[in-house]
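Heads up, the thing below is written out as structure tokens.
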Amino acid sequence: TYSRPPSQLAAGQSCTQGCQNANELDLALVHLYNNSVTNVVTGIASQIVSHQNILLRGGVTQVNKFEVGGLMMTYCPGNSNVCFNNLFEVRPLSTGGIFNPTLRTAFATVPTQGDSGAWLETDSGNWCGILVATDHLMGYALDADKSLSEANRNFGTNLQLA
């Protein structure tokens with residue numbers, strides 16, 4: 001029904017803080033007509049913090065626990081020419097243990113390209129973000145609250161959680 005693919009950077013333009021072509025939305029909305037989907041989240045997270053545990057419900061990695069890494073990032077993920085503003089990192093849990101960190105990293109579940117669009121939830125069941133990109137061992141997400149306000153502004157909608 002509505003879509004807003006991210007715009008690409010112009011030739012020679014860099015993805016830096018304050019970049020005029022940085023995206024704050026990468027979203028498609030589908031009208032279900034007479035069908036309904038039960039929402040599993042209880043609300044929208046009021047705050048996201050580094051090292052916070054989150055749950056990703058992805059198309060490829062299914063349901064897995066991750067943690068928030070860096071916040072408020074301006075970044076061009078992978079080999080893309082697409083710059084995003086206000087991203088947060090979605091990374092494997094930082095667990096200790098007897099295994100070498102390099103070995104733990106090699107076997108860690110990481111968000112993949114097929115997980116794009118996945119919702120991220122806090123431990124308390126609040127919606128905190130939408131996965132929009134991945135590269136190597138990280139996923140990158142846009143804040144849920146900001147995504148709703150950007151969607152409403154771009155699509156002329158009044159989206160809210162039921």
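Since we're looking at a predicted model, the values are computed, not measured. All residue numbers refer to positions in the sequence shown, counting from 1.
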| remark: In short, Thr134 meets Gln113 closest at the heavy-atom pair OG1-N, 3.5 Å
| query | Nearest 0.5 Å, what's the CD-CD distance between Glu67 and Gln52? | reply | 10.0 Å
| Separation of Ile130 CD1 from Ser147 OG (nearest 0.5 Å) | 4.0 Å
| message | Ignoring hydrogens and geometry beyond distance, is a side-chain donor-acceptor pair present between Ser124 and Thr122 at under 3.5 Å? | response | yes
| request: Mind checking side chain to side chain donor-acceptor pair (under 3.5 Å) for Asn23 and listing every partner two or more places apart, or none if nothing turns up? | output: Ser7
| query | Any donor and acceptor pair, going by atom type alone, linking the side chain of Thr61 with main-chain N or O of Gly58 inside 3.5 Å? | reply | no
| message | ring-ring contact (aromatic ring centres under 6.0 Å, His included), that's the test. Do Tyr140 and Tyr75 meet it? Break it down for me. | response | CA-CA 9 Å; Tyr140 301 92; Tyr75 187 58; 4.8 Å; yes
| query | Do the ring planes of Trp119 and Trp127 sit parallel (below 30°), tilted (30 to 60°) or perpendicular (above 60°)? | reply | parallel
| Okay, side chain of Asp135, backbone of Pro77: is any donor-acceptor separation there less than 3.5 Å? | no
| note | Note: Asn85 and Leu142 closest approach over all heavy atoms is O-CD2, 3.6 Å
| said: Rounded to the nearest 0.5 Å, what separates atom CG in Asp143 from atom CE in Met72? | reply: 8.5 Å
| task | Please check if the side chain of Ser116 supplies one atom and the backbone of Ala133 the other of a donor-acceptor pair under 3.5 Å. | result | no
| message | Nearest 0.5 angstrom please: Met73 CE to Gln17 CD, how far? | response | 11.5 Å
| message | Just checking Gln13: does its CD atom have more than 12 heavy atoms from other residues, nucleotides or ligands closer to it than 6.0 angstrom? | response | yes
| query | If Ile, Leu, Val, Met, Phe, Trp and Tyr residues are connected whenever their side-chain heavy atoms lie under 4.5 Å apart, and connections chain through other members, are Leu9 and Leu87 in the same group? | reply | no
| Test log, rule side-chain contact (heavy atoms from CB on, under 4.5 Å), inputs Phe88 and Ile54 | CA-CA 12 Å; Phe88 65 90; Ile54 54 176; 4.3 Å; yes
| Which distance, rounded to the nearest 0.5 Å, do you find between the CG of Leu55 and the CG of Asp123? | 8.0 Å
| request: Considering non-hydrogen atoms only, spot the tightest contact between Val60 and Gly114 and give its length. | output: CG2-CA, 3.5 Å
| task | For residues Asn86 and Glu24, report the shortest heavy-atom separation together with the two atoms involved. | result | ND2-OE1, 3.4 Å
| What pair of heavy atoms forms the shortest contact from Asp115 to Gly59, and how long is it? | OD1-N, 3.1 Å
| request: Please answer: with hydrophobic residues joined when any side-chain heavy atoms are less than 4.5 Å apart, are Leu159 and Tyr2 in the same cluster? | output: yes
| said: Nearest 0.5 angstrom please: Leu120 CG to Leu56 CG, how far? | reply: 5.0 Å
| If you take all heavy atoms of Val63 and Arg57, which pair is closest and at what distance? | CG2-NH1, 3.9 Å
| query | Would you say Cys15 and Cys83 have SG atoms less than 2.5 angstrom apart? | reply | yes
